[in-house]
Amino acid sequence: MKNISLIIIAMILASCSGEGSQSSSTSASTADAKVYRWKMITTWPKNLPGLGTAPERLAQKLRVMSAGRLDIKVYGAGELVGALGVFEAVSEGAAQMGHGAAYYWRGKIPAAAFFATVPFGMNAQEMNGWLHYGGGLELWRELYAPFNLVPFAAGNSGVQMAGWFNKEINSVEDLKGLKMRIPGLGGEVLARAGGTPVVLPGGEIFTALQTGVIDATEWVGPYNDLAFSLHTAAKYYYYPGWHEPGPTLEAMVNKEAWDSLPADLQMMIEVATKAINEDMLSEFTARNNAALVTLVEEHGVQLRRLPDDVLAKLKDISKEVVAEAGLENELAGRIYNSYTSFQQDVAKYHSYSEQAYLNAR
Ligand code: CA
C-alpha cells in the first residue's frame, strides 16, 4: 500500500513538474540535478514524540519524494538556536526552514497567535477549514511576508489538556497568584484572571515545575505530557484545554530559499506539510487515550474537570483579549474578522453536524 501511494504521489508530482518546465526543458533538467541541502530548526526537543518527530518525518518525506534533491537536516531546540529563536533565525536565513507554533512569536507579531490557537476558538478540523478554504493561510502569509517567511500549517495536536497543577482549582480565586507556563493569548487571559503567565519552551517545563519556579503548566495532552514525565512534578491534571482547542503547528520557509526552489520542489513542500498536518493529528488521536489510562491507572494522576464557573469566567475574559488582539493594527483587524466570522459560521453548521452527532453518540 505504502509503495503504491508513493508511486501515485510521484506520478502526480511528475505531471506537476512537467507542466512547470514546458517553457524550458534545458533549465528544468539543470534544476532537477541540483541538490538543495537545507537546515530545519525547531522549537521542540529533538525527536520528542509527536511534536519533535513531525519535522523529522517531514524532512524524510521530502527527501524520498524529491529523490534526494531536497535534503533537509533537522535540529532540535538548542542545537543550532534556542527554541524561541527559530522565527528570527529563519527570517534572517541562518536556516532555510523552521518548525514551531505561531503563538511563540506573539511578542514580535501580536496577531501571530490567531494562526496557532485562540482560547475558546476553533478546533483542529475548523482551523484546517479556515486556513485552507477560508482565507486563513493567505492572511498568515501576508502577516509573515515582512519577515521574509512563507508559513505552512504542519501539525495539530487536537484539543489539549488544561494542564498540571499542584493544587485543586475550585474557583476563579484559585487562579489568583498562580504562576503558570502558558503561551499565547491563553496566557493573557490567565493574567487578567489574576495569574502570572510564563512562556517557556517545552524542554524547560519539567525542571521549572519540579523546582517550583512555576506552580502549574500546560503542555499538550497525555501523549506528550507523559513523555515529559509531568505527572512526577504535579498531581492534578485538568481538562478541557480551553486555551488551546486545536493548535496548528507551523513550518516556515525563508523567502529567498523558497524562491530558489523549482516549482516541483515547492509543490512537494506544499504536499508534505499538508501530510504532516494530518499525520500529527492522527497520531495524537490514536495515542492520547492510552497515555491518559497510563497516567491515571499506573501513576495515580488525579484527573479533574475545570469547574463551570471557572470556564465561564475564562471564556468572558477570552472574548475581550481576542477582540483586543484584533485592534492592534489594520492587518490584525482583518485577521480577527476573518477568524471570528469563520468560527461563527462553522460553529452554526457544526451544531447540526459534529456537535449534534457527538451529543447523540
Ligand atoms: Ca500547549
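Hydrogens, waters and symmetry mates are skipped; everything else that's a heavy atom, side chains included, is used. Read the numbers this way: they start at 1 and go in the same order the structure lists the ligands and their atoms.
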Quick one: report the N, O or S atom of E218 that is nearest to the Ca ion (ligand 1).
OE1

In one Ile/Leu/Val/Met/Phe/Trp/Tyr side-chain cluster, 4.5 Å: I276, W140:
no

Examine all N, O or S atoms of Q160, backbone included, and report whether one is under 3.0 Å from the Ca ion (ligand 1).
yes

Is a donor on one side and an acceptor on the other found under 3.5 Å between the side chain of E79 and the backbone of G76?
yes

Would F206 and W164 count as a close aromatic pair, with their ring centres under 6.0 Å?
no

Separation of F87 CZ from I41 CD1 (nearest 0.5 Å):
11.5 Å

Any N, O or S atom of W219 closer than 3.0 Å to the Ca ion (ligand 1)
yes

Taking the Ca ion (ligand 1) as the reference point, name the nearest N/O/S atom of E244.
OE2

